[in-house]
There are 2 protein chains.
Amino acid sequence: MAAVRLKLMAKALPSTATRVPYGLLLARLGQDATARFRRALRPLGLTAQQFIVLKQLETIGSTSQSALADALGIDYSNLATVAGELCEKGLIVRTREECDRRRYALDLTDEGSALLEDADRSIGSGEQDMLSALDESERTELWDLLRRMADSLELCPGTEAEACAKADGEASGRQSTP
Amino acid sequence: MAAVRLKLMAKALPSTATRVPYGLLLARLGQDATARFRRALRPLGLTAQQFIVLKQLETIGSTSQSALADALGIDYSNLATVAGELCEKGLIVRTREECDRRRYALDLTDEGSALLEDADRSIGSGEQDMLSALDESERTELWDLLRRMADSLELCPGTEAEACAKADGEASGRQSTP
DNA sequence: TATTGTTATACTCTATAACTATA
DNA sequence: TATAGTTATAGAGTATAACAATA
């Protein structure tokens, strides 16, 4: 009631002062991207989380659960749950490593790879939808900027080469963003 | 130890084929941004969702719940819940509009504005952390690209001017991304 | 009838802690 | 003892549907 804070005169240009913070833009766009994943993946019986883990496993190849959790920057216990689900569905296999029997080696099965192909197709259109405002060179530029941010935060490694290079460098702490 | 999957030859450039999809990068960075919000806001007794709604209300000024939900691209029922919480905390006020008594007008209270200032400060450092890999001009560029994506998806309007311009144009459908 | 807002509910995701087993 | 993984649980976010009040 009362004090209705009219601000009609502020109709000027989007100056730096009135900028929505980066984090807000990223958070909202990320939510939207995740929501698109969910809608596209539901018919395939995959959750967004399961897809992300599956996709990352395809990208970086065979790893342990802890290495995968580090790569994704998500919680160990949550990854254990997701890995269990994927295992039950027969999309990945877990085998104890001989050298250190505490560790599991995670690998995509053929079913997993096949499902991932379907998933990529389902996701494609939503992806294009999100990027429709940008032309080819802008998309490349955006990808590059996002990639560098993600790298500096050690999130979501992009290529096997990158992943290996990084694994050599660190291989320490249990949680990447504690 | 053992089978470390040496792949040193693959250390070439990240070709288009091996690129992680945009949606995956956005989803992961968005999750990280949200997690940073949560950590920064917890001491203030705010959830990430509450902050986003509050911040957006500050940005676009007085609106109805449905307009705010449209602006944020989130679900009406969820916004009703969050608005109720913010109201209980005394951070916003809801007043029925005279011209259409179905609608609420939402406005920040002085407490809400004050808390938002504290929140912005708490969030600042995490924000800088995320952007540390980019220099000043790259940040501007990133912001511009994200802004244009968000605009094309009608998510997270950035300025009052933009919001007004947009409100004139559309003012239709109940859910922005159905 | 169509729209605005509310409530309820199920599902997904995040975060913490306590636990087992291997090293 | 330290590390890899598991389980349990509470809290946060998302998605639907059913409903009341107003237009």
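Computed over heavy atoms, backbone and side chain alike; hydrogens, waters and symmetry mates excluded. Order of the sequence lines fixes the chain letters, A, B, ..., with proteins taken first and strands second; residue numbering starts at 1 for each chain.
Atom CD of B:Glu97 is separated from atom C1' of D:dA21 by 16 Å (rounded to the nearest Å). Across the protein-nucleic acid pair, B:Ile74 atom CD1 and C:dT12 atom P stand 20 Å apart, rounded to whole Å. Here C:dC11 presents its P atom at 14 Å from CD of A:Gln50, a figure rounded to the nearest Å. Following rounding to the nearest Å, B:Tyr76 (OH) and D:dT14 (P) show an atom-to-atom distance of 16 Å. Atom P of nucleotide D:dA12 and atom CD1 of B:Ile52 are separated by 14 Å, given to the nearest angstrom. Rounded to a whole Å, the CD atom of B:Gln49 is 11 Å from the P atom of D:dA15. Atom P of nucleotide C:dC13 and atom CZ of B:Arg38 are separated by 13 Å, given to the nearest angstrom. If you measure from atom CZ of A:Phe51 to atom C1' of C:dC13, you get 17 Å, rounded to the nearest angstrom.
A donor-acceptor contact closer than 3.5 angstrom is absent between the side chains of B:Asp120 and B:Ser122. Looking at B:Gln65 and B:Arg103, their side chains never bring a donor and an acceptor atom within 3.5 Å of each other.
Both A:Ala83 and A:Ala35 lie close to DNA chain D; mapped to their nearest nucleotides by heavy-atom distance, the more 5′-ward contact belongs to A:Ala83. Each of B:Glu98 and A:Ser64 has a nearest nucleotide on DNA chain D; the 5'-most of these lies closest to A:Ser64.
Of the candidates D:dG5, C:dT16, C:dT6, C:dT16 carries the atom nearest the B:Arg42 side chain, counting heavy atoms from C-beta on. When each of D:dA17, D:dT6, C:dG5 is scored by its nearest atom to the side-chain atoms of B:Ser77, the top-ranked nucleotide is D:dA17. You'll find that the side chain of B:Asn78 is closest to D:dA15, out of D:dA21, D:dA15, C:dA15. The A:Ala48 side chain lies nearest to C:dC13 when the options are C:dT3, C:dC13, C:dG5. Candidate nucleotides D:dG5, D:dT22, C:dA15 were compared by shortest atom distance to the side chain of B:Arg101, and D:dT22 ranks first.
Put simply, B:Thr47 has a side-chain N or O that comes within less than 4.0 Å of OP1 or OP2 on D:dG13. Taking 4.0 angstrom as the limit, B:Tyr104 places a side-chain polar atom (N or O) nearer than this to OP1 or OP2 of C:dT6. Distances shorter than 4.0 Å separate some side-chain N or O of B:Gln65 from OP1 or OP2 on C:dT6. Contact annotation: A:Ser66 reaches the phosphate of D:dG5 (side-chain N/O to OP1 or OP2, under 4.0 Å). Distances shown here put every side-chain N or O of A:Gln31 at or beyond 4.0 Å from the OP1 or OP2 atom of D:dG13.
Residues B:Leu142 and B:Leu131 form a side-chain contact, since some pair of their non-hydrogen atoms from C-beta on lies under 4.5 Å apart. Side chains of A:Leu41 and A:Thr47 form no contact here, defined as non-hydrogen atoms less than 4.5 Å apart. With a 4.5 Å cut-off on side-chain heavy atoms, A:Thr59 and A:Pro157 do not count as touching. Within the 4.5 Å cutoff, the side chain of A:Arg102 has no heavy atoms near those of the A:Glu97 side chain.
Counting distance only, with no hydrogens placed and no angle test, the side-chain atoms of A:Asp100 and the base atoms of D:dA4 include no donor-acceptor pair under 3.5 Å. Between the side chain of B:Thr81 and the base of C:dT6, no donor-acceptor pair of N or O atoms lies under 3.5 Å.
Of the residues B:Val53, B:Leu155, B:Val82, the one that meets the side chain to side chain contact (heavy atoms under 4.5 Å, CB included) test with B:Leu72 is B:Val53.
Near DNA chain C, meaning a heavy atom under 4.0 Å from it, residues 85-96 of chain A has no residue at all.
Relative to the ring axis of A:Tyr104, A:Arg96 places its NZ or CZ within 45° and under 6.0 Å from the centre.
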